[in-house]
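First the proteins, then the strands, lettered A, B, ... as listed; each starts at 1. Computation of the quantities below employed the complete heavy-atom set of this structure, encompassing side-chain atoms and omitting hydrogens, waters and symmetry-equivalent molecules.
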Amino acid sequence: MSEDKSRKQATLGYVPDSQLTIGRFFGGNGNAQQSPKKQTTLAFGAKRQRASSGADPESAAEPSGVKSENDDTPDANGTESSKNLKRENADEVEESDESDVQPVPKRRRKAAKSSSPTPQKTPSPKKSPPKKSPAKAKVQSPSPPPAVKSESEDVSDEAKNQDGEEEDADMVSEAEEDVKPAVKKTMEKVQATLKASGKDPYPDWKAGDPVPYAAMCTTFSLIEMTSKRLVIMAHCSLFLQQVLRLTPKDLLPTVQLMINKLAADYAGIELGIGESLIMKAIGETTGRSLGVIKTDQHEIGDLGLVAAKSRGNQPTMFKPKPLTVRGVHEGLLGIAQVQGHGSQDKKISGIKKLLSAADSATAGKGSKGIDITKDKGGPSEAKFIVRFLEGKLRLGLAEKTVLVALAQAIVSHEAALEDKPTPSPERMAEAEAVLKSVYSQLPSYEEIIPAMLEHGIFNLPDVCRLSPGIPLKPMLANPTKSITEVLDRFEGKEFTCEYKYDGERAQIHFVAPDSIRKYPAATATLQKDKKGLSAIFSRNSENLSKKYPDVLAKLDGWIKEGVDSFVLDCETVAWDTVNKKVLPFQQLMTRKRKDVKEEDIKVKVCVFAFDLLFFNGEPVVKKSLRERRQLLHECFQPVEGEFQFAQFGNTNVLDEIQTMLEDSVKASCEGLMVKMLDTDQSGYEPSKRSRNWLKVKKDYLAGVGDSLDLVVLGAYYGRGKRTSVYGAFLLAAYSPNNDTYETICNIGTGFSEAVLEEMHKALTPLIIDRPKPFYAHSSVPKDQPDVWFEPRLVWEVKTADLTLSPRYKAAADEFEGTTGGGKGVSLRFPRYIKSRDDKNPDQATTTRAVAEMYRKQEAVAKEAAGKRGVDDDFEY
DNA sequence: CCTGTCTGCCC
DNA sequence: ATTCTGC
DNA sequence: GCAGAATGGGCAGACAGG
């Protein structure tokens, strides 16, 4: 085993020898035979051996439990090289798409899969219809033709039954591109069958009348009951068709409520309602104490259900008017708009109003609320109002699906208007493509829906187009587990690597003064000054212009002669003007966000541009990345500390990518973005594939990056699909000096459902009344876990970064009196890797080691500053 | 006016 | 942000 | 591979309440 020092180095950060480590990921790179590997492999597989012969390795090399890249966990190590070798012919998953080595095993896997679920599935549909119908009966009690009800209910299942096998086969192979038509056929079938019942799940309201909110909730309930996406889509689309047929003017609020939004993101409308206020409102509406509500929430894991359950306890003096979609939307908007003194009470009374009017058909009839164990609570209006407020409808239906359903609904509706038959699958697909494309260029239903109603869906592209003033959806990237995966995915294609800067995504829009009249839409959203119109939008289309007045003021300095308008895709990064270097993300976040005056900006920012989406009156999103980048470099000029081009290199040589990844990290970046340069997939079209780019970060690579072994001290009750198990856990590092456990982070991702169950079982016996006196943890009430445990379980956890935390205590004493001011260390993006059953809690990562890791990270950042300029314009 | 809590939004 | 899961 | 739903740290801003 290598000695202590080298290990720690490797662990602690982004140090030179980590290159070696990365090398391992390519397999057979020469360092696979590094000694530490074998040792640890041994250590894991056979504890005894380690105890006797390997006592040293464990205690000396891993006194603190810190993982180094060398001291990698055995499985990763031991199988490392073989894994890589195997990759070409084994089932290494996903990365095979473009290679033709794989199809055979892949198919086989699928075939095997499809054969087993089929028999299981068959019985289930028979069971489900009777389960569903009672819920329906409740809501539809006014005028329900029961026969129709169950019929429409059954159809989806019937469809499954009749040709279950056929369909299953289709579904299973859905992923294969070449089977897409079959999927469409299936979808058609589902929808057609649903439709064939002749009735919508909710009976028609009077044409022109406002859409009843109950109608939407009925659809929601149907959607919630299935996980089949085609069925979800069909329900959604059918309901939208009904709205189109009866009350098209309510389509906009209907869609908005479906996607859990009150308005387009860039409009900046916030509800200002969170869990606390919702609980207060539910308590007041139902006459139950806050404590009871909280207990319920813990048990039920869904405030919507809590509201539904306690609904109807209060006798209503008179029957309120039934809620309408429009009414709910307006009510919520009202809640969003109140502000200032006493606004919280007003918000609560707004919620109370909605909740008291909810479920007027069923409430107040002496029923004690609904049975929430049935059908996930059924179509309760209260439930969905509350879920809207929480910002999570949890239907298995969200923006993307609604968009597609909307396209289908419109095409069908348009066809029906002209007495044409149901549109062909091809036409459906065409409509979807059109709507997706339009939406990604102009993500605003306020704009799209009226235009669509007026001009028809196929004319949308002429009416709703990308233009400065309205943010478009940004391209996103997929994480990549190794550089070989990158090579596999982009095999045979030219691609480029860019530094991934650790800042805030910024889409910068600009129109020069002389051209303002050409962009009428822009005047509404862009900030106007003597230098023209401009705005900055965030990754989620929020308007950040108020946060970056300094950037907008200087933007004319970046452009060359003749630039009239543009939309740039960039990253803003905090900038150290003295040392001329990039500062960490945490620094950037301390910037003021509102009413920022240029004079008193404390955190300066440098903009790193990496794409050009609109230029001089023309969208350039369909051009290849190579062309866009060339245009970008031709027409803009870097300004030190203000505006730079993202560092990049075009290479497909593994070693060079590896080197570049190392360099990016040394330059305080997060890693690399990898993008195709020329193919049709190199266009900037999120509608086609929103995650068309790849990102490579050190901590994605198995066995590379910082990982720690931490002790589980507490847990939080899970919600939604994690109800009845713990949803998150409180972790700590160990301080041998005073024998304390100092909290370092919560963790809630990385667990499979099985592991969550297992942990729940393992931890429940360890529950204790109160935290041990030797637990160092925040005393803020909101920071307390729901349950505390004996210190026993040790988990390996991976992290991207270490941060100084106002909440966690790990190594806090080490930072007393420093800049940190007594703050502890915490983890950025913590995720569970695996259980370390082989470790006792006092063998967990020590707080000293944590402090060391943090310092090392800082040191690397500083070192980068020194080197800057030398390899600044290094050619790759 | 100060402090703690809640919310929304960055990652 | 990261990760898991059903389709 | 997509889409959705679980979950993380941590900041500024808005309010409530003393």
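For A/S276, a side-chain nitrogen or oxygen approaches OP1 or OP2 of B/dT7 to under 4.0 Å. Side-chain N/O atoms of A/R831 include one lying less than 4.0 angstrom from OP1 or OP2 on C/dT3. Distances shorter than 4.0 Å separate none of the side-chain N or O atoms of A/T401 from OP1 or OP2 on D/dA3. Regarding contacts with the backbone of D/dC2, every side-chain N or O of A/R691 stays at 4.0 angstrom or more from both OP1 and OP2. Here A/S826 does not reach the OP1 or OP2 of D/dG8: none of its side-chain N or O atoms lies under 4.0 Å away. The side chain of A/Q586 places an N or O atom within less than 4.0 Å of a non-bridging phosphate oxygen (OP1 or OP2) of D/dC11. Side-chain nitrogen and oxygen atoms of A/K594 include at least one within less than 4.0 Å of the OP1 or OP2 phosphate oxygen of D/dA14. Of the side-chain N and O atoms in A/K695, one or more sit less than 4.0 angstrom from OP1 or OP2 of C/dT2. Contact between the side-chain N/O atoms of A/H341 and the OP1/OP2 oxygens of D/dC15 is not found at any separation under 4.0 Å. Taking side-chain N and O atoms only, A/Y832 has no distance below 4.0 Å to OP1 or OP2 of C/dT3.
Both A/S752 and A/K697 sit near DNA chain C, but only A/K697 has its closest nucleotide nearer the 5' end. Remark on DNA chain B: of its neighbouring residues A/D502 and A/E275, the 5'-side contact belongs to A/E275, judged by nearest-heavy-atom nucleotide. Between A/K721 and A/S227, the one whose closest nucleotide on DNA chain C sits nearer the 5' end is A/K721. Positionally, the nearest nucleotide of DNA chain B for A/I278 lies more toward the 5' end than for the other of A/S538 and A/I278.
For A/R593 against D/dC11, a side-chain-to-base donor-acceptor contact under 3.5 Å is present.
Residues A/W693 and A/L476 have side chains not in contact (no heavy-atom distance under 4.5 Å, counting atoms from C-beta outward). Contact check for A/D265 versus A/N540: no side-chain heavy atoms found under the 4.5 Å cut-off.
Put simply, the residue from A/R828, A/K697, A/K695 that forms a salt bridge (Lys or Arg N to Asp or Glu O under 4.0 Å) with A/D502 is A/R828.
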Can you list, pair by pair, the side-chain donor-acceptor contacts under 3.5 Å of residues 267-278 of chain A, counting residues two or more places apart and other chains?
residue, atom, partner, partner atom, Å
A/E275, OE1, A/R719, NH2, 3.4
A/E275, OE2, A/Q297, NE2, 3.3
A/E275, OE2, A/R719, NH1, 2.4
A/E275, OE2, A/R719, NH2, 2.8

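Aromatic rings from A/F815 and A/Y854 are positioned such that their centres are separated by under 6.0 Å.
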